[in-house]
Number of protein chains: 2
Amino acid sequence: MNKRITIKDIARELNIHHSTVSRALRNDPRVNEKTRDLVLAFAQEHEYQTNLNAVQLRGTANNAIALIVPNINHSFFSDIVSKLTNLAYEKGYVISVFQSNEKYLQEKEIINTIIQHNFAGVIVSIAKDTVNSDHFRLLEKFGIPFVFFDRVCEDINSPKVLVNNFEITFSATEHLINKGYKRIAHITGATEINVFRDRHRGYITAIQKHELEYKNPIVVTDEFTMELGKKIFSDLVDSQNTPDAIICSSIHLTMGILFETRKRAISIPTDLGLITFGNILASEIIQPQISSIEQPETEIAELSFELLEKLITDKNSLNINEDKVVKSQLIIRESC
Amino acid sequence: MNKRITIKDIARELNIHHSTVSRALRNDPRVNEKTRDLVLAFAQEHEYQTNLNAVQLRGTANNAIALIVPNINHSFFSDIVSKLTNLAYEKGYVISVFQSNEKYLQEKEIINTIIQHNFAGVIVSIAKDTVNSDHFRLLEKFGIPFVFFDRVCEDINSPKVLVNNFEITFSATEHLINKGYKRIAHITGATEINVFRDRHRGYITAIQKHELEYKNPIVVTDEFTMELGKKIFSDLVDSQNTPDAIICSSIHLTMGILFETRKRAISIPTDLGLITFGNILASEIIQPQISSIEQPETEIAELSFELLEKLITDKNSLNINEDKVVKSQLIIRESC
DNA sequence: TCTATTTTTGCACACGTTTGTATTTTTGAA
DNA sequence: TTCAAAAATACAAACGTGTGCAAAAATAGA
């Protein structure tokens, strides 16, 4: 491996000052066309690559955006990651994706890395674990703009892109009620997270509006796996309080439920109504087709990026307190 | 926002030289315990954060690993990304994920970014588009170690973690043959990519060994979507040459096939045998359960990271030409 | 108390780039 | 040919950190 070539190397080789080389490379009009061409040719031939560490040390603006998600291996997030990456690419930004693995500690360390590397901005959906938001205050302090999406820190004044979880869960629950279901369970995540709290509130509000009564209808879980879905459903069925319908916050859990209904010959939608959050790849294949609440990933990605870009280019152009709410969609299929 | 605090600020505030501060922060034994504690306390109180751009400019080693995948929004890759990220975190590395979006051009620009930011190493699976491998030579030239996994550049001398695509596809094909299927189609990706070429070879070898004859059995496609799966299968069925079995390289395509078989009342496995590559989230739910070739994501992630770490810590410790081959698994279910 | 040794701190430069200012070279008009 | 203006280049300092070496301070031994 050859040592990497620098501006000074080019300058020495061409017998000009390195400041001229710098200007030539950046197409500064002050440098003579001939020397510029000379420099560019030399740079290309020797595969010169800017040292961005030096550039950024100097304080020049950069185009690096960090994206933090709890779990890349989850179709909701991987969809958004994928879309955001393409969006950013078109606008000349480079996105680095970080996974917090649902851990506050990892999220915090990622934020530190972001500060230390001087990213231009951050788009983030927080970990389930995250109750303390000091690390986002740190980000604020260092003047790095950031935008939350989906899972947010409500006590931080930064733009947020939210999903209408309250309304859609209310509608979904009411739909089940109108279909005649009476013992409607809600399986969801920890209500410390705004997403699950909103869904919970939507569910409860509908239940109360229609004066349904049903004990312990809510199962809160930390993990979203198919195995756990099996277990939760089995426990529900084995309890005194078998539900006749379920609204489930996770596809993976829903898969477990489906597995158990097959095993136990519980018929959907006759014995059990079912609505799940999230887009199922196999939704058209699985029988019966499951009603679902589809997330507007594209809109979330676009809006998040748009807000961050505004913040990066002009921090004052944006009313920071104004949250954006995008609509998810209740698609009724055969499961209720 | 306050201006970020630097080592020099701390030095000035504490009336000592910044070199002492630097040493104190890095627990250098040459600095007095008292002054070190003083510095650390001050740093913590004022939330000092290293400027990694300065550190790296200086040439100190760093712990940033770049991971390039064609598409994050694909369970095979997102699985590996997720696992690699966690693995790296435990070892004190930070992983930035980049998505090439299956485009050579984007891949190239990502490589440039990686060079410009001086990453410590790279783990990469190349885009479908990538035929030219000059950008990897560039990486070599700049002395940044890298490891390929799954989709590789065969003309580049860097460690590769491969899947036994030839053997497993051979086995799968032979299994179908032994089950009595005679017109076995293969739906796969462009054979410029080693993965699909190996599968293709495995398939062909089995077909030839058993002296089967069947015209135009191979469908090559660039995109892996359910919609395309529907179309490809429809075309096959409508052609003179309807297959009685299919080995399909993509879950998404397989979903399309399944959809069409339902629509056309084609019975699996009676009318059509089916084996798909990839792990289906819903594999236990879909009826009939689809036989599949499951990818060893965990092993791929572990091996790739292990190889890269060796390269980073000691470039000579590794025989670069030695490729690792991990085994995928043929799981026979009800579809053949 | 004085010197030799050890411990602690300070100094100065380097990493690669950018940019305001000074200097040199070129150009054009008289 | 001469001189002012314009164009092109050179100079120098700065960004924040790390490190070899020199200097100073503290310690120990006689």
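As the structure is a computational prediction, the values presented were derived from the model and not from experiment. Here is how names work: the chains are called A, B, and so on, in the same order as the sequence lines, proteins then strands, and each is numbered from 1.
Nearest-nucleotide mapping onto DNA chain C: of B:V31 and A:R58, the residue sitting toward the 5' end is B:V31. When each of B:T20 and B:A54 is assigned the nucleotide of DNA chain C bearing its nearest heavy atom, the one mapping closer to the 5' terminus is B:T20.
Atom-to-atom, CG of B:N27 to C1' of C:dT8 comes out at 16 Å; the value is rounded to the nearest Å. Separating the CD1 atom of B:I7 from the P atom of C:dG10 is a distance of 14 Å, rounded to the nearest angstrom. Rounded to a whole Å, the NE2 atom of A:H17 is 14 Å from the P atom of C:dT24. Between A:R4 atom CZ and C:dG16 atom C1' the separation is 9 Å, expressed in whole Å. Taking atom CG of residue B:L52 and atom P of nucleotide C:dG16, one finds them 18 Å apart after rounding to whole Å. Atoms CG (B:L57) and P (C:dT17) sit 9 Å apart, rounded to a whole Å. To the nearest angstrom, P of C:dT8 lies 5 Å from CG of B:N32. Here C:dT17 presents its C1' atom at 13 Å from CG of A:D9, a figure rounded to the nearest Å.
Within 6.0 Å of NZ in B:K108 there are 12 or fewer heavy atoms belonging to other residues, nucleotides or ligands. Annotation: A:D155, atom CG; neighbour count of heavy atoms from other residues, nucleotides and ligands within 6.0 Å is above 12.
Between B:S100 and B:Q106, the side chains place no donor N or O within less than 3.5 Å of an acceptor N or O (distance only, hydrogens not considered).
The distance from atom CG of A:L84 to atom CD of B:Q99, rounded to the nearest 0.5 Å, is 10.0 Å.
Taking every side-chain heavy atom of A:R30 into account, C:dA22 is the closest of C:dG10, C:dA22, C:dT17.
Boundaries of the chain B contact region on DNA chain D are D:dG16 to D:dC21, first to last in 5' to 3' order (nucleotide atom under 4.0 Å from a heavy atom).
A salt bridge does not link B:D37 to B:K34: none of the charged nitrogens lies less than 4.0 Å from a carboxylate oxygen. Between B:R151 and B:E102 a salt bridge is recorded (basic side-chain N to carboxylate O distance below 4.0 Å). Classification of A:K141 and B:E47 as a salt-bridged pair holds, one side-chain N sitting under 4.0 Å from a carboxylate O.
Distances shorter than 4.0 Å separate none of the side-chain N or O atoms of B:R23 from OP1 or OP2 on C:dT9. Residue B:T35 places at least one side-chain N or O under 4.0 Å from the OP1 or OP2 atom of C:dT9.
A donor-acceptor contact under 3.5 Å is formed by the side chain of A:H18 with the base of C:dT18. For C:dC15, its base never sits under 3.5 Å from the side chain of A:T6 at any donor and acceptor pair.
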